[in-house]
Amino acid sequence: MKRLWDKGEPLDQRVLRYTAGEDHILDARLVPYDVRASIAHATMLCAQNLLSKDDLKAIEIGLNALAESHAAGDWSISLDDEDCHTALERHLTDAIGEAGKRVHLGRSRNDQVLTALRLYMLDAATELEAAADKVAEALTALGERQADVALPGYTHMQHGMPSSVRLWAAGFAAELNDDATGLAGAKRRISKNPLGSAAGYGTPGLNIDREHTRAALGFDIVHEPVTAVQLSRGKAEAGLIFELVMLMQDLGKLSADLMLFYTQEFAYVTLPENMTTGSSIMPQKRNPDVLELVRGATATVNAALHEVLGICTKLGSGYQRDLQRIKPALFRAIDTSLASAEIMAVLIGGLRFVPENIKLDASIHAAEQANKLVTVEGISFREAYLRVAAELNKESNNK
Ligand code: ARG
């Protein structure tokens, strides 16, 4: 018996390869979470007198050892195993015998995969929050290092009003902190215990305790009723990826500004040599590839959101294998966003504005002059605006 649903008939290898897809590779990151969930599940079974204390002990020791040896690289999920759930149960049964076969009472891979995914997503969201806050911290530090360096404030990419490195950096920092708050908010949909919903319709004839596993795993609530659980697959994922889209948009805009500032024409900023890349043919080149790839990564994360929404949109209720295809998009969005935020924090740490190269157009104070006319002379803003415009016009005609 190779797979959890194996009843002895051979499976066409081509069907196995297609249906397992990338799962045996992707599921590697779910192993520690599936172990945690299985131990919580077995502990609950024992408390409900559905598993002996000895079996529980053996299961706990066996699963913890498997998590450790997996992390050490001693084994990996094989295609034959299909996914992490099958691989863990097979290895556990190999290691501890009969007790390993008792752990799957009152659950299905359908609630198992959701539990592992949600535990993983909660950790990932926390890591991403910290990464977003770190970019914000790097920007705040840059704003403080070069607080007094003046920058043109642009609208329509034209000089609008005076700004500064501090103000420019503070805007991005505030939005990145807000992105971190958004990621924390995404946990609301994630933090619901799917365990005990089993295949999607509960565990008839079995007295299991869903509150027990909720408390053990630290979920906020038990996901109820059982039929809601599979309906929700993809929603927590989409919610999290949406927040990543917001984060990536801010990192993309930051990149766009910096790429402009880094052109020879602007030369507002310099980057340390070790943060730029070169050209194979043009010896002088120092390219801002990091910024270009962060900008490009916004498309990857946007696409992941569309992919997840698209997979779920026309599904009816209950588990369907389509849902498995959410995983690659989810992991891609998380990995891409995390790596982008981490490298941006490093790059901002090495960034320096060059005050000599930043020239503000004299007319940039026009709005301020109009405001002053209103306060000093008591005229309307419209009149002040026209007077300053006329003054500027005269000056440029005299040039
Ligand atoms: N790899 C599967 C997924 O991610 C696990 C659940 C399989 N369940 C099933 N009934 N075939 O959806």
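The shown structure was predicted, so the numbers you read here are calculated from the model rather than taken from an experiment. For ligands, and for the atoms within them, numbers begin at 1 and follow the listed sequence.
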Check: Does CD in Glu377 sit with more than 12 non-hydrogen atoms of other residues, nucleotides or ligands closer than 6.0 Å?
Finding: yes
Checklist line | Arg332 and Glu307 ion-paired at < 4.0 Å | finding: yes
Check: Are Leu323 and ligand 1 in contact, using a heavy-atom cut-off of under 4.0 Å?
Finding: no
Next item on the list: Please identify which atoms of ligand 1 are closer than 4.0 Å to at least one heavy atom of Val113.
Entry: 4 (O)
Check: What do you reckon, are the aromatic ring centroids of Trp168 and Phe353 less than 6.0 Å apart?
Finding: yes
Notebook entry, point to check: Where is the nearest protein heavy atom to atom 1 (N) of ligand 1: which residue, which atom, and how far?
Noted result: Asp23 OD2, 2.5 Å
Checklist line | Nearest neighbour in protein (non-hydrogen) for atom 6 (C) of ligand 1 | finding: Tyr319 OH, 3.5 Å
Notebook entry, point to check: Where the closest heavy atom to atom 5 (C) of ligand 1 is concerned, which of Asp83, Asp111, Asp322 has it?
Noted result: Asp83
Check: Which of these, Gln320, Glu82, Arg233, Arg109, has its nearest heavy atom closest to atom 4 (O) of ligand 1?
Finding: Arg233
Notebook entry, point to check: Out of His85, Arg107, Glu89, His104, which one pairs with Ser38 under the side-chain hydrogen bond (donor to acceptor under 3.5 Å, both in side chains) rule?
Noted result: Arg107
Next item on the list: Specify the protein heavy atom at minimum distance from atom 2 (C) of ligand 1: its residue, its atom name, and the distance to 0.1 Å.
Entry: Gln324 OE1, 3.4 Å
Notebook entry, point to check: In terms of atom number and element, which parts of ligand 1 are under 4.0 angstrom from non-hydrogen atoms of Lys327?
Noted result: 1 (N), 4 (O)
Checklist line | N or O contact, Asn110 vs ligand 1, cut-off under 3.5 Å | finding: yes
Check: Does Glu129 reach the main-chain N or O of Leu183 with its side chain, forming a donor-acceptor pair under 3.5 Å?
Finding: no
Margin query: Is there a continuous path of hydrophobic side-chain contacts, each under 4.5 Å between heavy atoms, that joins Val165 to Leu291?
Written below: yes
